[in-house]
Trainee: 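Here's a structure for you.
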Amino acid sequence: AKIADIVKSESESETMAKCLDDTTVKRVITHMNEDHKASLLAYSWQLLGRYDTKTAKLVSVDTKGFELALNDCEEVRRIEFNNGLAVDPKNLRGEFVSLHTKSMKAFIPPGPLPFLAVFGLFILLPSIAFPEFEYLLPQPLLPWIQEVRTFSVSLLGSVELLQFIFRAALVVHVIEMGIVFQALWSLKVGKFQTLIWLLYTFFMGFTVLERALQLQAAKYDKSKLA
C-alpha cells in the first residue's frame, strides 16, 4: 500500500508539473515582468545570492519553479517552488507572494563592511563625536580609540572638525533611514523587515539605501524588457 501511494504521489506530481497551458504561462510571465520587477530582482539577490544583478526577467514557469534571465540575459538561473515539488497551479500566485516575502528581507552586504560599520557606530562615533559618553565604552579599547582620535585630529587639524564630520555622518544616516522607509512603504514590505532594513541603514548607510532604491526603481519601471 505504501509503495502504491508513493507511485501515485509521483504520478500526480508529474501530471501537475505539466498542467500549465501556454496561455497561463504567457500570462504569468507577462504579469511578473511588467508589474513585479522588484520581486524578480529581489529573488535574484536573496534566493540566488546574485547581489550584482541589475535586471531580472522571468523567462519560463511551471508548477515546480521558474527561470530568471539575469542582467539582460547574460545568465539564466532556476528557482524551485516548495523544494522542487510540484504545486497546484491555482496556488502559483501564493508561491510567488511567499518568495516575495522571503526575498524582501533586509540586505546585508557581503564582506567586512557590516562589522566595520557596527564597530564605527558603537565605538568610534561615541568616543569622537560625543566624548562625554566615552566612559560607557569598554576600558581596554580606550587607548586604541585615543590613538585613532589623535591621528584623525592630526589629519584634519582640529577636534571640532572631526566631531562635525562624525555628527554630520550620523545625521546623513538618519536621513537615509527616512528615504529607505519611504521606499519600503511603496514596496509593501512587512513591519518587522522594515525595522531590520532601517537598523541596517543606520549602521551602513548608503550601501543599504542603494538596494532599497534599486527595488523601488524596479517597481516603477514600466519599460518593456526585451
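Below, all heavy atoms of this structure are taken into account, side chains as well, without hydrogens, waters or symmetry copies. Owing to the predicted nature of the structure, the values given are computational and were not obtained by experimental measurement.
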Trainee: List the steps and the verdict of side chain to side chain contact (heavy atoms under 4.5 Å, CB included) for K64 and R78.
Mentor: CA-CA 10 Å; K64 289 189 175 183; R78 182 172 176 84; 3.8 Å; yes

Trainee: Looking only at heavy atoms, which two atoms of E75 and R77 are closest? And how far apart?
Mentor: OE2-CD, 3.1 Å

Trainee: Treat each ILVMFWY residue as a node, draw an edge where side-chain heavy atoms are under 4.5 Å apart, and state whether V174 and L209 are in one component.
Mentor: yes

Trainee: Under a single-linkage definition using a 4.5 Å side-chain heavy-atom cutoff for Ile, Leu, Val, Met, Phe, Trp and Tyr, are V25 and V76 assigned to the same hydrophobic cluster?
Mentor: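 Different clusters: V25 never reaches V76 through Ile, Leu, Val, Met, Phe, Trp or Tyr contacts under 4.5 Å.
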
Trainee: Tell me whether R50 forms a cation-pi arrangement with W45, defined as NZ or CZ under 6.0 Å from the six-membered ring centre and within 45 degrees of its axis.
Mentor: no

Trainee: What closest approach, in Å, do A56 and L70 show between heavy atoms, and which atom pair accounts for it?
Mentor: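 Closest approach of A56 to L70, heavy atoms only: CB-CD2, 4.1 Å.
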
Trainee: Go through L41 and T55 one step at a time and tell me if the side chain to side chain contact (heavy atoms under 4.5 Å, CB included) criterion holds.
Mentor: CA-CA 6 Å; L41 187 58; T55 62; over 6 Å; no

Trainee: For residues L161 and L156, report the shortest heavy-atom separation together with the two atoms involved.
Mentor: CD2-O, 3.6 Å

Trainee: Could you tell me the separation between the CG atom of L40 and the OG1 atom of T53, rounded to the nearest 0.5 Å?
Mentor: 11.0 Å

Trainee: Give me the ring orientation class for F96 and F81: parallel if the planes are under 30° apart, tilted from 30 to 60°, perpendicular past 60°.
Mentor: perpendicular

Trainee: If hydrophobic clusters are built from ILVMFWY residues whose side chains come within less than 4.5 Å, do V61 and V59 share one?
Mentor: no

Trainee: Can you check whether G65's main-chain N or O pairs, donor with acceptor, with D62's side chain at less than 3.5 Å?
Mentor: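 Yes.
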
Trainee: Report the C-alpha separation of E67 and S60 in whole Å, then their side-chain angles, then the decisive distance to 0.1 Å, and conclude whether the side chain to side chain donor-acceptor pair (under 3.5 Å) test is met.
Mentor: CA-CA 5 Å; E67 291 184 332; S60 72; 3.1 Å; yes

Trainee: Inspect the contact between K219 and D221 and indicate whether a charged nitrogen and a carboxylate oxygen are less than 4.0 angstrom apart.
Mentor: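 Answer for the salt bridge query: no.
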
Trainee: Roughly how far, to the nearest 0.5 Å, is the OG1 atom of T194 from the CE atom of M104?
Mentor: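 M104 atom CE to T194 atom OG1 measures 10.5 Å (nearest 0.5 Å).
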
Trainee: Under 4.5 Å between side-chain heavy atoms, hopping through other hydrophobics if needed: is there a path connecting Y200 to V172?
Mentor: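 They do not share one cluster, since no chain of ILVMFWY contacts under 4.5 Å joins Y200 to V172.
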
Trainee: Kindly compute the distance separating OG (S98) from NE2 (H100), expressed to the nearest 0.5 Å.
Mentor: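 NE2 of H100 is found 10.5 Å from OG of S98.
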
Trainee: Output yes when K26 and D21 qualify as a salt bridge under the 4.0 Å nitrogen-oxygen rule, no when they do not.
Mentor: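 No, K26 and D21 are not salt-bridged.
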
Trainee: Between W197 and R211, is any pair of side-chain heavy atoms under 4.5 Å apart?
Mentor: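 Yes, side chains in contact.
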
Trainee: What distance do K57 atom NZ and M32 atom CE have between them, rounded to the nearest 0.5 Å?
Mentor: 14.0 Å

Trainee: Could you state the interatomic distance from OG (S44) to OH (Y51), rounded to the nearest 0.5 Å?
Mentor: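 Taking OG in S44 and OH in Y51, the distance rounds to 10.0 Å.
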
Trainee: Looking only at heavy atoms, what is the nearest atom pair of S186 and A183, with distance?
Mentor: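 Looks like OG-O, 2.6 Å.
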
Trainee: Mind telling me whether H173 and F202 have parallel, tilted or perpendicular rings, with 30° and 60° as the class edges?
Mentor: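 Geometry flag for H173 against F202: perpendicular rings.
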
Trainee: For a side chain to side chain contact (heavy atoms under 4.5 Å, CB included) check, start with the C-alpha distance between L58 and V28, then their side-chain angles and the critical distance, and finish with the verdict.
Mentor: CA-CA 9 Å; L58 184 66; V28 171; 4.3 Å; yes

Trainee: Are more than 12 heavy atoms from other residues, nucleotides or ligands located less than 6.0 Å from atom CZ of R93?
Mentor: no

Trainee: Work out which heavy atom in K102 is nearest to a heavy atom in L47; give both atom names and the distance.
Mentor: CD-CD2, 3.8 Å

Trainee: Could you tell me if the side chain of L92 sits less than 4.5 Å from the side chain of F66, heavy atoms only?
Mentor: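 Of all side-chain heavy-atom pairs linking L92 with F66, none is under 4.5 Å.
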
Trainee: Does CG belonging to D52 count more than 12 external heavy atoms closer than 6.0 Å?
Mentor: yes

Trainee: Could you tell me the separation between the CD atom of E210 and the OG1 atom of T201, rounded to the nearest 0.5 Å?
Mentor: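 With rounding to 0.5 Å, CD (E210) is 12.0 Å from OG1 (T201).
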
Trainee: Please tell me whether I179 and L215 are part of a single hydrophobic cluster in this structure, the criterion being side-chain heavy atoms less than 4.5 Å apart.
Mentor: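 The answer is yes; both residues are in one hydrophobic cluster.
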
